[in-house]
There are 2 protein chains.
Amino acid sequence: MRAAEAACRARKLRLTPARAFVLETLLESHQAMTAYEVLDRLAGAGLGSQPPVAYRALDFLVANGLAHRIERLGAFVACTHGGAEHAAAFLVCRRCRRVAETALPRAMRGLIDEAAAGGFAVETVVVEAEGLCDACREAGA
Amino acid sequence: MRAAEAACRARKLRLTPARAFVLETLLESHQAMTAYEVLDRLAGAGLGSQPPVAYRALDFLVANGLAHRIERLGAFVACTHGGAEHAAAFLVCRRCRRVAETALPRAMRGLIDEAAAGGFAVETVVVEAEGLCDACREAGA
DNA sequence: GCAGGATTTGTTATAAAGTAACACATGCCC
DNA sequence: GGGCATGTGTTACTTTATAACAAATCCTGC
């Protein structure tokens with residue numbers, strides 16, 4: 001959180017109350033949250049009650065690398081890297097929705113270059129591995 | 001299509017009229033189609049008019065590797081590999097929704113092994129690169 | 001060829017996720 | 001302190017996806 005605040009100051013981004021609240025909420029939740037779950041929290045805090053409020057805050061966080069959208073779940077997680085530019089891969093537990101962020105293998109570079117050779121200009125790469133985390137596997141699929 | 005039919009026979013899967021129609025539709029469309037676009041075609045062919053009809057056919061095709069769901073778009077494409085077991089990566093044009101399927105870099109293996117070492121059992125990996133295809137880039141972003 | 005279980009279809013209804021559009025407020029810079 | 005960019009509040013709506021259950025169809029062993 002401190003890191004995020006610092007990153008925003010450094011980049012002249014406005015970490016408004018709603019945005020800060022959403023980021024804190026995501027950081028505290030150890031699972032991916034849907035936009036509507038976030039909205040519930042916002043509403044609880046008196047910061048907004050309509051979907052666009054949640055989507056706008058989430059869009060801001062994602063656009064600035066402070067959060068990530070997990071496509072597979074249509075849900076969001078806080079970034080664990082303090083907002084630095086980076087490409088990440090995610091390990092998504094299908095049972096508890098916990099998400100771990102890991103470095104994107106350098107090998108992805110190969111995919112991007114190969115695509116470029118074929119005339120396709122890659123802008124972003126989504127890598128999401130779905131499976132079972134340790135705890136859920138022990139608890140039985 | 002022939003290949004798909006053969007694959008279904010080989011695996012004792014029932015490629016019913018609705019399923020076959022959806023697969024053909026996806027094969028002919030050179031872009032990703034949403035479930036509702038598929039449903040429109042189904043309705044046009046008198047094969048069903050309610051969302052579950054489309055979702056069921058699509059779920060069957062995806063479950064059996066005859067089609068893929070593009071998470072980024074919430075849309076579907078026919079598999080271009082005739083249904084063999086395989087892990088694929090996708091190049092998704094954000095402008096025209098055209099999707100190219102390519103082999104998943106062997107390097108993904110590293111991600112999976114690394115995850116396993118950390119106690120996470122990967123079951124499926126989604127790799128989707130978003131960007132601009134050749135034609136759309138020339139036409140201007 | 002037919003009983004019985006499994007799979008597939010048809011249908012209604014509803015849930016969940018995401019966006020367009022526009023008026024109003026706020027901050028920021030000169 | 002006027003003016004422009006950015007952010008907020010709100011209404012209304014679109015798109016995407018499922019639950020649930022009854023009816024039809026298909027396969028399999030006999």
Side-chain angles (χ1 to χ4, degrees), chain A residues 8-9 11-23 25-26 31-64 66-77 92 94 97 126 128 130, chain B residues 8-23 25-26 29 31-64 66-77 92 94 97 126 128 130:
Chain A
C8 285
R9 261 194 308 277
R11 287 190 280 159
K12 298 192 177 161
L13 298 173
R14 289 169 59 190
L15 193 58
T16 62
R19 292 168 179 177
F21 179 86
V22 171
L23 181 54
T25 301
L26 288 179
Q31 288 154 47
M33 295 181 75
T34 69
Y36 282 75
E37 288 167 349
V38 167
L39 180 56
D40 281 348
R41 305 296 183 88
L42 278 167
L47 284 168
S49 59
Q50 257 42 58
V53 175
Y55 281 103
R56 286 199 284 235
L58 289 166
D59 287 349
F60 169 86
L61 295 173
V62 169
N64 293 291
L66 299 169
H68 299 286
R69 181 194 156 92
I70 305 301
E71 302 292 338
R72 188 67 174 245
L73 301 176
F76 301 82
V77 292
V92 181
R94 68 171 151 79
R97 291 204 314 183
V126 172
E128 297 174 6
E130 184 169 289
Chain B
C8 284
R9 261 195 307 277
R11 287 188 279 158
K12 297 190 179 165
L13 298 173
R14 291 167 58 189
L15 192 60
T16 61
R19 291 168 178 178
F21 177 86
V22 171
L23 180 54
T25 301
L26 288 179
S29 156
Q31 286 153 47
M33 295 182 75
T34 69
Y36 282 76
E37 287 166 348
V38 168
L39 179 56
D40 280 349
R41 306 293 185 87
L42 278 167
L47 285 169
S49 60
Q50 255 42 57
V53 176
Y55 281 102
R56 286 198 283 235
L58 289 167
D59 287 350
F60 168 86
L61 295 174
V62 170
N64 294 291
L66 299 169
H68 300 286
R69 180 192 157 92
I70 305 300
E71 303 291 339
R72 189 66 174 250
L73 300 176
F76 301 82
V77 291
V92 182
R94 67 172 152 80
R97 291 205 311 185
V126 172
E128 297 175 6
E130 183 169 291

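Proteins get letters first, then strands, A, B, ... in listed order; numbering begins at 1 in each. Since this is a predicted model, take the numbers as computed values, not measurements.
- Distance check, rounded to the nearest 0.5 Å: CG of Leu23(A) to CG of Leu66(A) gives 6.0 Å.
- Residues Arg41(B) and Phe21(B) meet the side-chain proximity criterion, which asks for heavy atoms closer than 4.5 Å.
- Residues Pro17(B) and Leu47(B) approach most closely at O-CD1, 4.3 Å, considering heavy atoms.
- Annotation: the span from Ile70(B) atom CD1 to Gln31(B) atom CD amounts to 12.5 Å, rounded to 0.5 Å.
- Counting all heavy atoms, side chain and backbone alike, Ala32(A) lies closest to Leu73(A) at CB-CD1, 3.9 Å.
- Closest heavy-atom contact between Leu39(B) and Gly48(B): CD1-O, 4.1 Å.
- Evaluation of the side-chain hydrogen bond (donor to acceptor under 3.5 Å, both in side chains) test over residues 43-55 of chain B, restricted to residues two or more places apart or in two chains, returns none.
- Across residues 33-51 of chain B, Thr34(B), Tyr36(B), Pro51(B) each have a non-hydrogen atom less than 4.0 Å from an atom of DNA chain D (numbered order).
- Taking every heavy atom of both residues into account, Leu42(B) and Ala54(B) meet most closely at CD1-CA, 3.9 Å.
- Chain B approaches DNA chain D within less than 4.0 angstrom (heavy atoms of the protein), and the contacting nucleotides run 5' to 3' from dT16(D) to dC26(D).
- Looking at the side chain of Arg56(B), the nearest of the listed nucleotides dT11(C), dT19(C), dG18(C) is dT11(C).
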Atom pairs, N/O to N/O, protein against nucleotides 3-8 of chain C, distance under 3.5 Å?
residue : atom : partner  : partner atom : Å
dT8(C)  : OP1  : Arg19(B) : NH1          : 3.3
dT8(C)  : O5'  : Arg19(B) : NH2          : 3.4

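- For Ala67(B), the side chain to side chain contact (heavy atoms under 4.5 Å, CB included) test picks out Leu26(B), Leu61(B), Val62(B), with sequence neighbours left out.
- With sequence neighbours excluded, the residues that form a side-chain hydrogen bond (donor to acceptor under 3.5 Å, both in side chains) with Glu37(B) are Arg97(B).
- In this structure Arg72(A) satisfies the salt bridge (Lys or Arg N to Asp or Glu O under 4.0 Å) test together with Glu130(A), Glu71(B), sequence neighbours excluded.
- Here the closest heavy-atom approach between residue Phe60(B) and residue Arg14(B) is recorded as CZ-O, 3.8 Å.
- With sequence neighbours excluded, no residue forms a side chain to side chain contact (heavy atoms under 4.5 Å, CB included) with Ala43(B).
- When each of Pro52(A) and Asp59(B) is assigned the nucleotide of DNA chain D bearing its nearest heavy atom, the one mapping closer to the 5' terminus is Pro52(A).
- An end-to-end axis angle of 40° holds for the helix from dG1(C)-dC30(D) to dC30(C)-dG1(D), taken from five base pairs per end and rounded to 10°.
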